[in-house]
Trainee: 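There's a structure below that I have some questions on.
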Amino acid sequence: MSLPQPVRGTHDLLPEDFRRHAHVRDTARDIAARFGYAEMATPIFEFTEVFARTMGETSDVVSKEMYSFETRGGESMTLRPEYTAGICRSFISNGLQQNVPFKVFANGPMFRYERPQKGRQRQFHQIDLECIGAPEAKADVEVIAVAASILQTLGVMDSCTLQINTLGDVESRQAYRAALVEYFSAHEADLSEDSKSRLTRNPLRILDSKDKGDQALVENAPVFTDYLNEFSTEFFAEVLEGLDLLGITYELNRRLVRGLDYYTHTAFEYVTTELGAQGAVIAGGRYDGLIETLGGKPTPGIGWAGGIERLALLAENVPAIDRPVAVIPVGDAAIQMATKLAHQLRLDGISVEMAFKGNVGKRMKRANKLSARAAILIGEDELARNACTFRDLDAGTQEEVKLSDLTATLANLK
RNA sequence: GCGGAUGUAGCUCAGUUGGUUAGAGCGCUAGACUGUGACUCUGGAGGUCGCGGGUUCGAUCCCCGUCAUUCGCCCCA
């Protein structure tokens, strides 16, 4: 079978897949709009620097997962691995400092050069929500509330839990980081290979290690709460209070650490156990230093991204396809009349199926396969009387209906 | 990037301890039923057994490589 194959880690979205996909996207868009988040889009690629600077040179995404290429002019470009950096760049490029809070929703394809697995692809799609320019804990709460509403509406909340943690402000985080490096450096020989490299790359990650030896060391490691300054502690408390107020349940996870450099304060993930190792379905956090890193004025921000493919795998109540009405000519003499009727009904907003060929039996079978709600048969008999035979395909009953009454009959159907 | 599993019709899978024409169900298609679907019955099409190489008189089956999928690690949505 040497048929052409899609590139590794990429997938076609055939109509049925696309329907699930679109349902996730449309649901998210509608709910985001209710909370005041308008949709926008940024280009699918940016100068490499935009991602390298914001996500951190040592992050996995930047160090080994970017799809980068050089233009003819010799500039390095990168297919976006996430949405946040691009939206923040756009916020700066368009001088939107005066528009805060800048609340936006976005969606589209992302690219990461990773080993594919279920729920993990090289080209995948994300929905994304950002609230830029709001330092208040209320923004954190709102952003999480949008995520919760989307999961609820998609019917996946039962299999998801919200894990939440704080990484503190820059001061707290660096103090803790230093303490961790000091502690683990003293035990470096006992660390797993992975964690040895984490020690320089992202020491907080060691807390998250699945290695048994590492976990034993983590037991006695410094605790983050001891290093959080007063402001950070109060800020996080306010976020949790806000979630309580809205009845949004969460699990405090002191080991939750995110891989990207730009996160501060609130970090959260909605995780599921139903997708193997790919647990996160919506994840995000606060990134108060990001805009400054990109060369903008210091501006706080918070947001999240959700994996559309992952959500589509879990979504339960995907609406069924629209059921059409089939128009079926009986005999060649009726084809023209049927064609005009089908056209008119479509102009009237009705979804109509009319096959290009076939006798009545074939056409009925086709109508059935497309789960048509009703069939409208027109033959010479009916033509003479300006009528049609209207067959209800669910009930299996039929009657003659005058063409002038057809619209009313169709309206009764639903 | 590292380790394990898998790869036979459009789909889900049998099968061959290496030996003449590789099977089933579903689906597709034609007909029984040239003005009526979902049920039933009878035919038909569709596979160089992922791809390449090796061993062999002979490979879909054994060996090596490769590509893809999948599970775990890393990491993440």
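So you know, we letter chains A, B, ... as the sequences are listed, proteins then strands, and number each from 1.
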Trainee: What nucleotide among C75(B), U29(B), G4(B) has an atom nearest to a side-chain atom of K369(A)?
Mentor: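 Among C75(B), U29(B), G4(B), the one nearest the side chain of K369(A) is U29(B).
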
Trainee: When rounded to the nearest Å, what value does the distance between P atoms of G46(B) and A22(B) take?
Mentor: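 Result for the P pair: 13 Å, nearest Å.
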
Trainee: Could you check whether R80(A) pairs with D128(A) (Lys NZ or Arg NE/NH1/NH2 to Asp/Glu carboxylate O, under 4.0 Å)?
Mentor: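 Salt bridge between R80(A) and D128(A), a charged N being under 4.0 Å from a carboxylate O: no.
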
Trainee: Out of U69(B), C2(B), C74(B), which nucleotide sits closest to the side chain of P116(A)?
Mentor: U69(B)

Trainee: Just call it for R112(A): base, sugar-phosphate, or nothing, with non-hydrogen atoms closer than 4.0 Å on any strand.
Mentor: base

Trainee: To the side chain of R115(A), which of A77(B), U70(B), G37(B) is closest?
Mentor: U70(B)

Trainee: Considering only G37(B), C74(B), A77(B), which nucleotide approaches the side chain of K64(A) most closely?
Mentor: C74(B)

Trainee: Is atom CD of E49(A) surrounded by more than 12 heavy atoms (other residues, nucleotides or ligands) closer than 6.0 Å?
Mentor: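 No, CD of E49(A) has 12 or fewer neighbouring heavy atoms, counting only those of other groups under 6.0 Å.
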
Trainee: Just N and O in the side chain of R8(A): are any of them under 4.0 Å from OP1 or OP2 of U69(B)?
Mentor: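 Yes, such a contact exists.
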
Trainee: Does the side chain of R198(A) get closer than 4.0 angstrom to OP1 or OP2 of C74(B) through an N or O atom?
Mentor: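 The answer is yes; a side-chain N or O of R198(A) sits under 4.0 Å from OP1 or OP2.
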
Trainee: Mind checking if E114(A) touches a base, just sugar-phosphate, or nothing, with heavy atoms under 4.0 Å?
Mentor: base

Trainee: Using the P atom as the reference point in each nucleotide, state the distance between U21(B) and U60(B) in Å, no decimals.
Mentor: 12 Å

Trainee: Which nucleotide, in any strand shown, forms a Watson-Crick or G-U wobble pair with G65(B), with both distances under 3.5 Å?
Mentor: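 Check on G65(B): paired to C51(B), both distances under 3.5 Å.
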
Trainee: What string of B, S and - do you get for nucleotides 30-36 of chain B 5' to 3' if you count protein non-hydrogen atoms under 4.0 Å?
Mentor: SS---BB

Trainee: Would you mind classifying the nucleic acid contact of G9(A) as base, sugar-phosphate or nothing, using non-hydrogen atoms under 4.0 angstrom?
Mentor: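 Result for G9(A) = sugar-phosphate.
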
Trainee: Whole Å only: how far is the OH atom of Y263(A) from the C1' atom of A77(B)?
Mentor: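 Those two atoms, OH and C1', are 10 Å apart.
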
Trainee: To the nearest angstrom, how far is K118(A) atom NZ from C75(B) atom C1'?
Mentor: 19 Å

Trainee: Check side chain to side chain donor-acceptor pair (under 3.5 Å) between Q336(A) and all other residues, then give those that pass, not counting sequence neighbours.
Mentor: none

